[in-house]
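As the structure is a computational prediction, the values presented were derived from the model and not from experiment. Lettering follows sequence order; numbering is per chain, from 1. Side chains are part of it too, since the values below use all heavy atoms of this structure and drop only hydrogens, waters and symmetry mates.
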Amino acid sequence: MSWDPVYQLIKTIPRGQVTTYGLLAKALKIRGGARTVGHAMAATPSGEGIPWHRVVAAGGRLIIREPIASKQRKLLESEGVPMRNGRVEISSCLWTPPSARAKPRKKASPRTRTASER
DNA sequence: CATCTGACGACCG
DNA sequence: GCGGTCGCCAGAT
């Protein structure tokens, strides 16, 4: 599965703002929601110019484990993202995707879904 | 092919 | 406001 749309969307996140996994999932109409987006992040090529640190969990909380959690926090501060006690003030810097351009909704022919579908 | 785990979210206490 | 539990899908074993 190519998470290109996810990466592209993350790349469009303005500096100083952040978004959440669930938001990205909704915007891209990704099945499974946040969880699947999380997998996409895990598969994100390191150092590819993808501001993965701008993606946080719901409520602006960093649920990621160490040591990347600390690094993300540092990066966020560097970006100028308001934080409070280790939690991002998502209410003040939350960025919502303009709109979804990709639509992984395969569904397609109501006929012979055979073995292509899960 | 079956099962577990995992960069999460929403709900409940 | 914080912590624990259940449910979601995809990927790895």
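- Of all heavy-atom pairs spanning A/Val88 and A/Cys93, the tightest one is CG1-SG, 3.7 Å.
- In this structure, A/Lys29 places its NZ atom 17 Å from C1' of C/dC9, rounding to the nearest Å.
- Qualifying side-chain hydrogen bond (donor to acceptor under 3.5 Å, both in side chains) partners for A/Ser92, counting only residues two or more places apart in sequence or in other chains: none.
- In this entry the distance linking CZ of A/Arg87 with C1' of C/dC2 reads 10 Å, nearest Å.
- The CH2-P distance, from A/Trp3 to B/dA7, rounds to 15 Å in whole Å.
- Atom pair A/Leu28:CG and C/dC9:C1' shows a separation of 15 Å (rounding to whole Å applied).
- Looking at residues two or more places apart in sequence or on another chain, you find no side-chain contact (heavy atoms from CB on, under 4.5 Å) involving A/Arg35.
- Side-chain N/O atoms of A/His39 and base N/O atoms of C/dG11 include no donor-acceptor pair closer than 3.5 Å.
- With sequence neighbours left out, A/Ala25 forms a side-chain contact (heavy atoms from CB on, under 4.5 Å) with A/Ile30, A/Val37.
- Taking atom CD1 of residue A/Ile90 and atom P of nucleotide C/dG1, one finds them 14 Å apart after rounding to whole Å.
- Summarising the geometry, the separation between CG on A/Leu9 and C1' on B/dA7 is reported as 16 Å, rounded to the nearest angstrom.
- A/Ile68 comes within 4.0 angstrom of a base, heavy atoms only.
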Nucleotide N/O to protein N/O under 3.5 Å, stretch nucleotides 9-13 of chain B:
unit_1 : atom_1 : unit_2  : atom_2 : d
B/dG9  : OP1    : A/Gly22 : N      : 3.4
B/dG9  : OP1    : A/Ala58 : N      : 3.0
B/dG9  : OP2    : A/Ala58 : N      : 2.7

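- The interatomic distance linking A/Ile30 (CD1) with C/dG11 (P) rounds to 11 Å, in whole Å.
- Identified under the side-chain hydrogen bond (donor to acceptor under 3.5 Å, both in side chains) test for residues 79-91 of chain A, with sequence neighbours left out: A/Arg54-A/Glu79.
- Sorted by first and then second residue, the salt bridge (Lys or Arg N to Asp or Glu O under 4.0 Å) pairs involving residues 14-24 of chain A (not counting sequence neighbours) form an empty list.
- Taking for each of A/Thr36 and A/Arg84 the nucleotide of DNA chain C with the nearest heavy atom, the 5'-most of the two is the partner of A/Arg84.
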